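Sequence lines set the chain letters: A, B, ... in the order given, protein chains first and strands last, and positions in each chain run from 1. Keep in mind that what you see is a predicted model, and the values were worked out from it rather than measured.
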2 protein chains.
Amino acid sequence: MNRRPTIMDVAARAGVSKSTVSLVLQGSRQVRDETRAAVEKAMGEIGYIYNRAAANLRSSSVGLVGLVINDLRNPFFTEFATSLQMALAAEGYATVIANSDEDVELQAKLVGSMIEHGVSAMVISPAYGEARDTFDQLARRGLPVMQVLRQGDERTDLFPFSSFDYATGSARATQHLLQKGAQNVAFVGGLPGRAITRERKSGWREVLRKEGLEQVALHGKSSRAFGMEMAETLIAEHPEIDAAVCFNDLVALGLIAGFARAGRPVGTEFRVVGFDDIEEAAQSWPQLSSVSCDIAQFAQDTATRLLAWMVEGKRPEPEMRMPVRLIARTSSTGEAT
Amino acid sequence: MNRRPTIMDVAARAGVSKSTVSLVLQGSRQVRDETRAAVEKAMGEIGYIYNRAAANLRSSSVGLVGLVINDLRNPFFTEFATSLQMALAAEGYATVIANSDEDVELQAKLVGSMIEHGVSAMVISPAYGEARDTFDQLARRGLPVMQVLRQGDERTDLFPFSSFDYATGSARATQHLLQKGAQNVAFVGGLPGRAITRERKSGWREVLRKEGLEQVALHGKSSRAFGMEMAETLIAEHPEIDAAVCFNDLVALGLIAGFARAGRPVGTEFRVVGFDDIEEAAQSWPQLSSVSCDIAQFAQDTATRLLAWMVEGKRPEPEMRMPVRLIARTSSTGEAT
DNA sequence: AATAGCTATTGGATCGTTCCAAATCCAGCC
DNA sequence: GGCTGGATTTGGAACGATCCAATAGCTATT
């Protein structure tokens with residue numbers, strides 16, 4: 001016989017009952033140390049492998065957390081995904097990472113597949129678009145589901161939402177640029193009409209409004225390519241603009257690349273602040289000033305709150321904002337660091 | 001009663017037997033259309049959700065593929081992971097992505113957890129370090145396992161290995177730099193003693209040897225930060241060097257940033273070629289020349305070969321090399337594109 | 001009308017765990 | 001020696017699907 005060994009085989013070998021083996025597997029404290037040792041020895045000898053499917057079937061709790069990310073190629077999200085996976089792994093939970101690639105259809109499939117696989121909770125950074133059905137399905141299953149970094153469903157009582165305090169961040173960035181001597185600060189990037197764009201823009205807008213300054217905003221896909229393109233636009237059509245708060249670091253880096261290409265240095269005659277403080281920000285030149293979002297800490301927090309919900313039933317508050325911090329570097333100060 | 005509905009409930013509602021429901025679930029062609037419709041209607045009405053754990057228990061084949069990546073933060077790997085996930089999804093397989101973060105212990109845990117969850121195959125880009133036990137475990141289970149992009153175990157008959165033809169790529173890059181007028185070409189990045197470093201270096205070495213040129217290689221962690229640091233080293237200690245083939249694009253971008261910081265433009269007096277052609281290469285300034293590895297195509301290929309193995313039992317050849325292509329851009333030609 | 005040969009449907013056994021209530025063990029005490 | 005009570009151990013039922021062999025329903029053929 002060459003089938004995969006089961007607890008029965010282990011039990012036979014160790015001279016105990018299958019129930020005892022099961023207890024050992026679950027790390028129960030009520031089995032005698034010698035018994036446990038014997039069972040573990042037997043497991044090693046016959047090369048036993050735990051069958052989670054069977055266990056799940058009976059106990060219907062899987063120690064599996066689903067994570068659906070709208071854009072795993074974005075380093076910001078990658079960092080979040082890996083940090084969350086590690087935080088959950090430390091508590092004995094496995095994480096299934098999936099990338100919806102900003103496609104609500106695919107997202108629905110992924111969520112469905114995860115539910116079928118019996119995840120016991122879910123963390124989702126939703127794709128843009130209508131996903132009411134997907135969330136309804138989640139609600140029906142009664143799973144703990146947290147929305148992070150983006151809000152895809154307004155029912156935050158059902159699906160608590162947590163993110164960063166972007167508004168304050170963009171206000172700080174704008175003040176910083178003005179203080180450094182900038183006269184006209186543009187906002188670059190972010191797709192119009194989206195909540196996250198509104199938030200990252202709102203602080204900038206408030207500050208400019210108070211100062212009575214004109215507001216120039218260039219919206220578009222938040223990529224490096226868009227930033228590069230906008231450099232040309234700014235130079236050609238808005239020569240008065242001498243600083244920019246960017247939707248994210250990718251746009252900011254693209255903008256800087258665009259200015260470099262046009263032979264215009266960034267840091268003194270043109271100042272830039274990005275958003276997210278991705279690793280690259282400190283390692284490009286000029287080094288990029290950025291509103292830092294401590295994503296590893298955020299992931300850790302998310303894990304903690306999710307576990308409290310799963311294990312103790314303590315549902316997180318409907319909305320949480322993590323504070324952000326402005327990191328001033330060469331691209332806004334002109335000074336080497 | 002408020003438990004999750006089962007196929008029995010569906011069967012009762014639809015007035016058929018559980019077996020019929022099971023057949024519908026499996027998309028069998030042998031149930032009558034009206035019957036299928038009735039069953040599907042019933043499923044919709046009572047909100048039935050498929051329980052994969054139960055199905056797996058009986059059928060022991062899960063449609064789940066495990067993917068373990070040594071560094072998911074690296075955009076090259078992220079791209080591979082997402083592309084593979086999509087290619088497999090198209091064939092009805094779900095992919096579990098996990099990040100070992102270059103830690104063999106964690107890698108062992110992840111592999112173990114995936115086996116427990118009953119993955120039916122595995123794709124792994126191994127972490128550096130001794131992982132014999134992990135591979136042994138995989139071998140015992142008899143799972144189809146493919147090593148990609150990195151070889152962690154020498155038994156390629158058991159664990160077929162596929163990657164890119166790096167040696168040819170670095171030879172081309174070096175020839176290209178010499179042809180553009182470079183006199184002394186350094187190699188920057190890559191941890192010494194590793195197979196992938198050897199490969200990416202070998203083409204460069206061969207070309208320089210044939211030309212009778214001196215070989216300067218600066219090894220280290222292949223990150224942006226290292227590249228930046230090496231810019232200073234090159235300027236201070238190797239002023240004769242006027243071009244570099246870099247281990248990867250991150251190092252190349254760091255190197256360029258470092259030269260920019262020192263006020264030395266890259267493209268004419270100093271030329272750089274990277275490796276991987278990540279998205280950013282075309283969107284930085286100067287645009288980065290790079291040895292392009294079509295990772296999406298590679299992922300697609302990997303999926304195809306893996307499926308042939310899983311489904312038809314056709315084991316892939318032990319070693320496969322995908323051709324690469326040199327993309328010349330500003331950083332090596334000095335010309336804007 | 002009986003038979004054969006399909007197609008469509010079905011009941012029971014089964015997968016490998018966990019859960020539960022009951023049984024067993026064992027030291028301490030009267 | 002019998003009894004008590006906590007610590008260990010145990011057998012059988014259950015989880016929810018699939019698989020398999022058997023059955024029922026049809027049509028076409030003899």
Side-chain angles (χ1 to χ4, degrees), chain A residues 1-40 42-43 46-64 92 112-113 115-120 141, chain B residues 1-40 42-43 46-64 113 115-120 141:
Chain A
M1 111 192 140
N2 201 15
R3 23 176 276 292
R4 184 167 162 170
T6 74
I7 52 169
M8 300 291 270
D9 302 317
V10 175
R13 173 112 192 176
V16 299
S17 77
K18 62 178 171 42
S19 304
T20 304
V21 177
S22 175
L23 287 173
V24 170
L25 247 17
Q26 291 166 80
S28 162
R29 205 178 352 285
Q30 73 170 301
V31 332
R32 221 165 18 129
D33 285 345
E34 326 161 28
T35 313
R36 180 195 318 284
V39 169
E40 282 168 350
M43 293 199 301
I46 65 178
Y48 169 74
I49 291 175
Y50 187 59
N51 183 332
R52 220 171 261 275
N56 295 345
L57 177 55
R58 182 66 178 112
S59 69
S60 64
S61 98
V62 197
L64 232 199
S113 155
I115 294 180
E116 286 180 2
H117 277 102
V119 294
S120 21
R141 293 283 303 114
Chain B
M1 107 191 143
N2 202 16
R3 25 175 276 292
R4 181 167 165 172
T6 74
I7 53 168
M8 299 292 269
D9 302 317
V10 175
R13 173 109 191 179
V16 298
S17 78
K18 63 179 171 41
S19 303
T20 304
V21 177
S22 175
L23 287 173
V24 170
L25 247 17
Q26 293 167 79
S28 162
R29 204 177 355 286
Q30 73 171 301
V31 332
R32 216 158 28 120
D33 287 346
E34 323 162 29
T35 313
R36 181 195 318 284
V39 169
E40 281 169 351
M43 293 199 300
I46 65 178
Y48 169 74
I49 289 175
Y50 187 61
N51 183 331
R52 220 170 259 278
N56 295 345
L57 177 54
R58 183 66 178 104
S59 70
S60 64
S61 99
V62 197
L64 231 199
S113 156
I115 294 179
E116 285 180 2
H117 278 100
V119 295
S120 19
R141 294 282 304 114

Closest listed nucleotide, where the reference is the side chain of B:Thr35 and the choices are C:dG16, C:dT9, D:dA17
C:dT9
So for A:Ser19 and D:dG11, does any side-chain atom that can act as donor or acceptor lie under 3.5 Å from a complementary atom in the base?
yes
From D:dT8, C:dT9, C:dT17, pick the nucleotide closest to the side chain of A:Thr6?
C:dT17
Tell me whether the OP1 or OP2 atom of C:dC6 has a side-chain N or O from B:Gln30 closer than 4.0 Å.
no
Starting at atom CZ of A:Arg58, determine the distance to atom C1' of C:dC19, rounded to an integer number of angstrom.
5 Å
From the options C:dT18, C:dA13, D:dG16, select the nucleotide whose nearest atom is closest to the side chain of A:Leu57.
D:dG16
Between atom CD in B:Glu116 and atom P in C:dG16, what is the gap in whole Å?
15 Å
Considering heavy-atom distances to DNA chain C, does B:Ala54 or B:Arg36 have its closest nucleotide positioned more toward the 5' end?
B:Arg36
Is it the case that the side chain of A:Arg36 and the backbone of A:Ser28 share a donor-acceptor pair, with hydrogens and angles ignored and the cut-off at 3.5 Å?
yes
Rounded to whole Å, how long is the line connecting atom CG of A:Asp33 with atom C1' of D:dA7?
13 Å
Among the nucleotides D:dG16, D:dT18, C:dT9, whichever has the atom closest to the side chain of B:Thr20 is C:dT9
Base, sugar-phosphate alone, or nothing: which one does B:Ser22 contact when heavy atoms must sit under 4.0 Å apart?
base
Please report the shortest heavy-atom distance between A:Ala54 and B:Leu57, naming the atom on each side.
CB-CD1, 3.5 Å
Can you find a side chain N or O atom of B:Gln26 that sits less than 4.0 Å from OP1 or OP2 on D:dA17?
no
Can you measure B:Asn56 atom CG to C:dT14 atom P for me and round it to whole angstrom units?
20 Å
Do the non-hydrogen side-chain atoms of B:Leu64 and A:His117 ever get within less than 4.5 Å of each other?
yes
Minimum heavy-atom separation for A:Ala14 to A:Ala38, with atom names?
CB-O, 4.0 Å
Select base, sugar-phosphate, or nothing to describe what B:Val21 touches, counting heavy atoms under 4.0 Å on all strands.
nothing
Between B:Met43 and B:Leu25, is any pair of side-chain heavy atoms under 4.5 Å apart?
yes
Could you check how far CE of A:Met8 sits from P of D:dA13, rounded to whole Å?
13 Å
In whole angstrom, give the distance that lies between atom OH of B:Tyr50 and atom P of D:dC15.
18 Å
Is the phosphate of C:dG16 approached by A:Arg4 (side-chain N or O, under 4.0 Å from OP1 or OP2)?
no
Interatomic distance, A:Ile115 CD1 vs D:dG16 C1' [rounded to whole Å]
17 Å
Length of the line joining B:Arg29:CZ and C:dT9:C1', which is rounded to integer Å
17 Å
As a test of reading the structure: which of C:dG16, C:dT9, D:dT18 is closest to the side chain of B:Leu23, going by heavy atoms?
C:dT9
